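The sequence lines fix the lettering, A, B, ..., with proteins before strands; numbering per chain opens at 1. Being a predicted model, the structure only gives us computed values, none of them experimental.
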There are 2 protein chains.
Amino acid sequence: MAEKRKVTLKDIAKDLNLSPSTVSRALNGYPSLSEDTIQMVKEYAEKHNYVPNTMAVNFRKNRTSILGMIVPQIVHHFFSTTISGAMETAKKHGYSILLAQSYDLLKDEILASQYLLGMGVDGLLISVSNETKEADHLQAFVDEGKPVVQFDKVTDLLPGPKIEVDDFQGAYQAVTHLIRQGYRKIAHLSGRMEVKNAHERFLGYKKALEDHGLEFRESLVKNCFAISEDEGFEFTRELMESVEKPDALFCITDLVALGAMNYLKSSGYQIPTQIGLMGFSNWMLSEYTTPSLSSVDQFGYRMGSRAAEWMIELLKNQDMGQNETLEMKTELVVRGSSMRS
Amino acid sequence: MAEKRKVTLKDIAKDLNLSPSTVSRALNGYPSLSEDTIQMVKEYAEKHNYVPNTMAVNFRKNRTSILGMIVPQIVHHFFSTTISGAMETAKKHGYSILLAQSYDLLKDEILASQYLLGMGVDGLLISVSNETKEADHLQAFVDEGKPVVQFDKVTDLLPGPKIEVDDFQGAYQAVTHLIRQGYRKIAHLSGRMEVKNAHERFLGYKKALEDHGLEFRESLVKNCFAISEDEGFEFTRELMESVEKPDALFCITDLVALGAMNYLKSSGYQIPTQIGLMGFSNWMLSEYTTPSLSSVDQFGYRMGSRAAEWMIELLKNQDMGQNETLEMKTELVVRGSSMRS
DNA sequence: TTGAAAGCGGTACCAG
DNA sequence: CTGGTACCGCTTTCAA
């Protein structure tokens, strides 16, 4: 490792017969310095391609310009878009993002938090796990004066800035769309009711039915636990084999809808003519199924970007943020699986 | 921001009437220290939950324990798996990963490199962009004694450790499989021949044909430029409308295969009976199409993990690495789109 | 407008 | 086995 020593601020000072403080000031654009000095220093620095030592600056200023970010899983398309959005915005403001995954396990979320805190991040962007029923590990950030901005999946156990998807509205629109397409017995493959997003979607589903004069029936709702493709398949089988036999399915997530689609197709049902199908999240793959899957877009990129923006603003103002929530609207994406007309 | 001052090493030293050096040694498990001292220090540290200041340590040791990682796009499923693999392995060894994207543009790759270098990463893991025809920005890392490990898409312009997918073998196996399924006129939707992976896949395709006594024809090869779904659709149309009319398609990537599949289905072709279809990369969505798409798995997680491991070993040994290549085998994933028997 | 100097929190060398 | 101390590179008072 033939590491050639890099030129430091002191080197410049010595060579230019200035004090380190002057050089520092010149480079950082302080006022009250003669134009000549500034010119000279800048030129010299440029010529010897001086690069300030980030570690020294961080150390001195007691900040890293790094934001921690915890998501359940990077490989989930939605989260990868939020990451992408947060990264771009952060970079624009001179921040970088240190990532960690919780795998939707509280245990791993705690580990990740401690890890990021130890790395000295300036703040935390987090979408909490489904298991998160305590928030001491998040409070730890706040205790050290590091803001926490929650997004997508949030917990009220930690007051502070939150960005949520308007799941209620998204579900309401989706189900309303199904009703307008003429479907009348709309079932819902829901998630766990303790999980806020899932509950909101359920409520949106219910309200849409009621507002359009359709009866809500418990028997048309199935709770997925793992939110898996298999559950989509199995619950759809149960529903289609039951007396209720719905003519449309609104699924908590595209993956579940995919399972439903597989069951329906393998059992010879025609989508969307015989039965309509609707997912949620607008995964990349929804476009590529046959028929393509209608869904609800959550604007992951924008969400990540907003979270980062918010964080940076808090950091700039030395503020921990109020206990306020920003609701992000969703957008219905109508595709083949629900287009009867 | 009510940041309560944290206890430092010096605090401990003062309170315990020891020197900072002793405390440091005790905490870092140095030999030649009395058991008593170690005990005492550790207990005190524990009790006052002392946490070493990462920034100070980094600064002092002139390293960050952060690895830079540049991929074309995080949202690509394959890359998100490599990221995940690299992150887990890095964490296991006390390293974290700072991510950046090149969007397959040289310009952005250079920016990302400079950015990561400026952040003071200890080394770089990179899958280069398709445009990368020079490597000064990577050489810059080497010049500062920071190892660069390339993976997946690599350039020979920078000598050093590389992890490559054995694209040749993967393509060879894929095409051999098609031949065994009885397909005889196998077309190839290839990528840009200047891109190594694409070229290797092309060569594997060609060799498989030759080894099985089938004629290779230029007219059955179409070069995709953007590797897009649209190109898959269009080139498939061209092929199917030409006199050549293949009975199977081997596509450079699953996305292209998807485009091909869409054209074929919309034109009434039966897959896999009339025409066989094969992708490459084994994207998440390949499983969910109808029919499901045969593909070639590239083990992204393992690849990222190996890249990180390699890097950490280099770092440990203060080594920049030789100009050697690790070839990772692929695995054929046979699904509905190519299963005639 | 500039300089001198004190650290930030550790680590590691040199003594003892 | 332990202590003293210089110092990593930069920022920021305080003083001139």
Side-chain angles (χ1 to χ4, degrees), chain A residues 1 3-42 44-45 48-65 94 117-120 122 144-145, chain B residues 1 3-42 44-45 48-66 94 117-120 122 144-145 318:
Chain A
M1 316 249 272
E3 200 160 338
K4 56 181 170 191
R5 216 181 79 71
K6 296 211 286 182
V7 43
T8 74
L9 222 166
K10 284 177 184 169
D11 295 337
I12 301 184
K14 197 181 298 173
D15 287 10
L16 254 38
N17 276 320
L18 290 171
S19 75
S21 22
T22 307
V23 178
S24 170
R25 286 189 275 244
L27 259 17
N28 291 300
Y30 270 59
S32 85
L33 269 196
S34 82
E35 267 309 319
D36 290 355
T37 317
I38 295 182
Q39 267 307 317
M40 183 172 63
V41 171
K42 286 204 167 164
Y44 187 99
H48 295 72
N49 51 84
Y50 163 75
V51 182
N53 180 322
T54 323
M55 284 173 283
V57 177
N58 288 345
F59 173 47
R60 184 60 233 256
K61 294 203 176 161
N62 194 32
R63 58 175 182 71
T64 50
S65 296
L117 198 53
M119 288 299 299
D122 292 345
E144 293 202 19
Chain B
M1 313 250 270
E3 200 161 339
K4 56 181 169 189
R5 216 181 78 72
K6 296 210 285 184
V7 43
T8 73
L9 218 167
K10 285 176 180 167
D11 295 336
I12 301 183
K14 198 182 296 171
D15 288 10
L16 254 37
N17 275 321
L18 289 171
S19 77
S21 24
T22 307
V23 177
S24 172
R25 287 189 276 245
L27 259 17
N28 292 299
Y30 271 58
S32 83
L33 269 196
S34 81
E35 267 310 317
D36 289 357
T37 317
I38 295 182
Q39 267 307 317
M40 183 172 64
V41 172
K42 286 204 166 164
Y44 187 99
H48 294 73
N49 52 82
Y50 162 75
V51 183
N53 180 323
T54 323
M55 283 173 285
V57 177
N58 287 345
F59 174 46
R60 185 62 235 252
K61 296 202 175 160
N62 193 34
R63 57 174 183 73
T64 50
S65 296
I66 296 179
L117 198 52
M119 289 299 298
D122 292 346
E144 292 201 21
Q318 304 255 77

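Between the CG atom of A:Asp11 and the P atom of D:dC8 there is a distance of 10 Å, given to the nearest Å. Between the CG atom of B:Leu9 and the P atom of C:dG9 there is a distance of 11 Å, given to the nearest Å. Across the protein-nucleic acid pair, B:Arg63 atom CZ and D:dC8 atom C1' stand 14 Å apart, rounded to whole Å. What separates CE of A:Met55 from P of C:dG10 is a distance of 17 Å, to the nearest Å. Between the CG atom of B:Leu27 and the P atom of C:dG9 there is a distance of 16 Å, given to the nearest Å. Rounded to an integer number of Å, the gap from CG of A:Asn62 to P of D:dT12 is 12 Å. Atoms CZ (B:Phe59) and C1' (D:dC7) sit 8 Å apart, rounded to a whole Å. The separation between A:Gln39 atom CD and C:dT1 atom C1' is 16 Å, rounded to whole Å.
Distances shown here put every side-chain N or O of A:Tyr50 at or beyond 4.0 Å from the OP1 or OP2 atom of D:dG9. For the pair B:Asn53 and C:dC8, the criterion of a side-chain N or O lying under 4.0 Å from OP1 or OP2 is not met. Under 4.0 angstrom from either OP1 or OP2 of C:dC8 there lies no side-chain N or O belonging to B:Thr8. Considering only side-chain N and O atoms, A:Tyr30 lies under 4.0 angstrom from the phosphate OP1 or OP2 of D:dT12.
Taking the ring-ring contact (aromatic ring centres under 6.0 Å, His included) definition, one finds that A:Tyr50 meets it with nothing, sequence neighbours left out. The side chain to side chain donor-acceptor pair (under 3.5 Å) check on B:Ser19 picks up B:Ser21, B:Thr22, with sequence neighbours excluded. Remark: B:Asn53 pairs with no residue by the side chain to side chain donor-acceptor pair (under 3.5 Å) rule, at least two apart or across chains. Checked against side chain to side chain donor-acceptor pair (under 3.5 Å), B:Thr54 has no partners two or more places apart in sequence or in another chain.
When the nearest nucleotides of DNA chain C are assigned to A:Ser34 and B:Arg60 by heavy-atom distance, the more 5′-ward of the two goes with A:Ser34.
Of the inter-residue distances, the one linking B:Met119 atom CE with A:Met55 atom CE reads 10.0 Å to the nearest 0.5 angstrom. The NE2 atom of B:His48 sits 6.5 Å away from the CG atom of B:Asp15 when rounded to the nearest 0.5 Å. With values rounded to the nearest 0.5 angstrom, A:Leu18 atom CG is found 12.0 Å from A:Ser24 atom OG. The distance from atom CD of B:Glu144 to atom CG of B:Leu117, rounded to the nearest 0.5 Å, is 4.5 Å. The distance from atom CG of A:Leu16 to atom OG1 of A:Thr37, rounded to the nearest 0.5 Å, is 9.0 Å.
Taking every heavy atom of residues 13-26 of chain B and every atom of DNA chain C, pairs under 4.0 Å involve B:Ser21, B:Ser24, B:Arg25, by number.
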Worksheet entry | Intra- and interstrand pairs of DNA chain C - dot-bracket, Watson-Crick/G-U under 3.5 Å, | marks other strand | ||||||||||||||||
